[in-house]
Amino acid sequence: MSRLIVVSNRVNPPTDRGEGTAGGLAMALAAALREYSGMWFGWSGQTIDEYTGKIAVQKVGGVTVATVDLEDQDRQEYYNGYANKTLWPLFHYRVDLTAYERSFDEGYKRVNTRFAEALAPLIAPEDFIWIHDYHLIPLARELRRLGVKNKIGFFLHIPWPARRLMATLPKHRQLVEALFEYDLVGFQSEDSVTAFEDYVVQEAKGTVSRERRASAFGRSTRIGAFPIGLDAEHFVEAATSQEAEMMQGRMRSSMAGRKMIVGVDRLDYSKGLEERFLAYEQFLADNAEQLEKVFFLQIATPSRDEVEAYQEIRARLDGVSGRINGAYATVDWVPIRYVNRGYRRDELAGVYRAGAIGLVTPLRDGMNLVAKEYVAAQDPKDPGVLILSRFAGAAEQMKDALIVNPFSREDVSDAIKRALAMPRPERIKRWEALVDGVKTDDVAAWRDSFVAALRETAAPALQVVSGD
Ligand code: GDG
């Protein structure tokens with residue numbers, strides 16, 4: 001029987017339903033793997049003095065995981081370097097933060113080779129291989145070099161950038177060419193697929209067929225949009241669990257009748273937190289009658305804190321939140337509760353449920369699962385309002401949210417005002433449409449549609465076509 005082998009940078013299945021780690025990927029993949037017999041391969045997160053290629057296999061939360069340790073140089077050049085200082089900012093349109101260093105390039109290639117060499121012997125002829133995210137774009141090429149002929153799919157969790165941004169990356173053609181070693185390349189949104197097609201046609205002088213087969217570099221691959229979803233059923237359950245209710249009760253008693261606006265994000269510059277704080281400040285300035293009637297809770301879980309850009313955004317947020325609170329707080333009201341720690345998943349569900357507004361305003365986001373979690377956690381009889389950035393992949397699906405431009409303080413401020421005043425029947429109508437989508441397009445639908453599309457890709461997997 002064919003197995004599914006999932007590969008991602010980190011392998012961290014949650015130990016139980018409540019204790020999720022920060023990061024949408026872990027939850028989604030663990031749910032996918034429990035359904036299929038198979039294995040999850042990746043980095044343990046540990047570093048050792050000298051790389052050995054030794055694989056540790058264990059069962060975690062019902063999932064078989066196989067991990068390797070890397071060297072500190074790998075962590076610096078591959079993980080903190082090429083992945084998080086080069087590709088992450090570039091793919092999130094932050095060319096100003098993008099570092100282009102040759103040593104990062106070498107580290108990226110080295111780790112992808114190491115992954116391929118460790119993984120290849122574990123692959124049986126009938127297995128399907130599903131590789132995740134920007135850390136591992138060249139992995140199929142390395143596996144093919146070792147003679148792996150299996151079907152290999154790739155899914156990009158973050159946005160694909162516009163062609164002219166992509167062209168700022170040294171050796172961008174090599175990186176894109178590596179994607180043509182896959183049988184299927186999946187993106188989160190139509191916006192990303194279109195940007196990729198634009199690169200193929202304009203930059204690589206290739207073609208894209210009506211069936212979405214992209215051809216360039218003498219090869220071809222299937223491409224498509226596979227919007228990721230939530231483990232929705234479990235999240236809805238989590239929102240009414242005892243832990244969630246306790247959390248909601250705790251929130252309610254501290255609210256003193258005030259309405260809460262809530263934001264939950266990894267502390268990352270792509271999430272638009274500074275712009276969000278400033279938009280909320282604008283709202284306070286524009287709506288004096290709302291002072292002391294509402295407050296904003298932002299949970300921002302620290303992330304990638306070895307990278308300077310993350311230390312900088314954290315310091316900026318400390319400054320901006322402090323300044324706004326200094327300007328507006330009264331003896332018994334603080335306008336922004338800014339929290340830098342993580343919570344259990346079921347506790348988070350309780351926090352979402354207590355929020356009259358879910359404020360999700362990333363400047364760029366592949367999908368954004370927080371938007372979907374906020375919707376899934378609402379009380380059907382009295383749901384809150386989702387305010388969502390048009391630049392999150394989720395905006396293509398969640399059209400009944402209040403869609404905003406996160407770069408415009410006035411736009412976000414107006415949406416907050418509108419959401420606070422929204423009559424209950426309109427809130428219910430919008431929420432019903434949103435929750436329908438969240439439940440239908442859940443993580444199982446995502447997994448099944450990707451795996452089905454991978455199975456259906458034409459054999460032979462590598463097909464030589466015209467184009468340069
Ligand atoms: C990438 C893409 C794409 C946050 N704080 C805590 C916590 N979280 C959880 C949230 C949510 C997840 O982290 C964040 O997921 P997002 O989708 O919002 O964003 P990224 O981490 O940037 O994920 C993104 C995603 O991959 C999946 O493809 O949607 O576009 O950037 O699940 O709940 N979880 C817990 N405690 C916290 O304090 N337990």
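Just so you know, these numbers use all the heavy atoms, side chains as well, and skip hydrogens, waters and symmetry mates. Read the numbers this way: they start at 1 and go in the same order the structure lists the ligands and their atoms.
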For R345, atoms of ligand 1 separated by under 4.0 Å from a heavy atom: 32 (O), 33 (O), 39 (N)

Sub-4.0 Å atoms of ligand 1 with respect to non-hydrogen atoms of G342: 37 (C), 38 (O)

Ligand 1-proximal atoms of F235, by part, heavy-atom distance under 4.0 Å: neither

Centroid separation F407 to F391 less than 6.0 Å: yes

Winner among V351, D365, L230, V370 once heavy atoms are compared against atom 31 (O) of ligand 1: D365

Distance under 6.0 Å and angle within 45° of ring axis: R337 vs F296: no

Show me the side-chain donor-acceptor pairs of residues 352-366 shorter than 3.5 Å, one per line, residues at least two apart or across chains.
residue, atom, partner, partner atom, Å
Y352, OH, E373, OE1, 2.7
R353, NH1, A377, O, 3.1
R353, NH1, Q378, O, 3.3
T361, OG1, R276, NE, 2.7
D365, OD1, K271, NZ, 3.3
D365, OD2, K271, NZ, 2.9
D365, OD2, N368, ND2, 2.8

Contact (N/O only, under 3.5 Å) between E373 and ligand 1: yes

Polar proximity ligand 1 side, G366 side, N/O cut 3.5 Å exclusive: yes

Numbered atoms and elements of ligand 1 in range of Q188, under 4.0 angstrom, heavy atoms: 3 (C), 28 (O)

salt_bridge(E306, R75) N-O dist < 4.0 Å: yes

Numbered atoms of ligand 1 (with element) below 4.0 Å of Y352, judged on heavy atoms: 33 (O)

Sole residue of E142, R114, E77 in side-chain contact (heavy atoms from CB on, under 4.5 Å) with K109: E142

Side chain to side chain contact (heavy atoms under 4.5 Å, CB included) involving A453 - partner list, sequence neighbours excluded: L184, R222, F226

SB check E190 R212 (cutoff 4.0 Å): yes

Any Y374 heavy atom less than 4.0 Å from ligand 1: no

Residue W88 vicinity, atoms of ligand 1 by number, heavy atom under 4.0 Å: 22 (O), 31 (O)

Main-chain N/O of S413 paired to Y280 side chain as donor or acceptor, under 3.5 Å: no

Heteroatom distance test (Y343, ligand 1): nitrogen or oxygen, under 3.5 angstrom: yes

Residue selection (non-hydrogen contact nearest atom 18 (O) of ligand 1) among L348, L369, N340: L369

Residue-ligand contact E347/ligand 1, heavy atom below 4.0 Å: no

Parallel, tilted or perpendicular, as decided by the 30° and 60° cut-offs, for the rings of W160 and F91: perpendicular

Candidate with minimal heavy-atom separation from atom 26 (O) of ligand 1, of H157, R266, M367, K372: H157

Electrostatic pair K151-D127, nearest N-O below 4.0 angstrom: no

Region of T301 that comes within reach of ligand 1 [heavy atoms, distance under 4.0 Å]: side chain

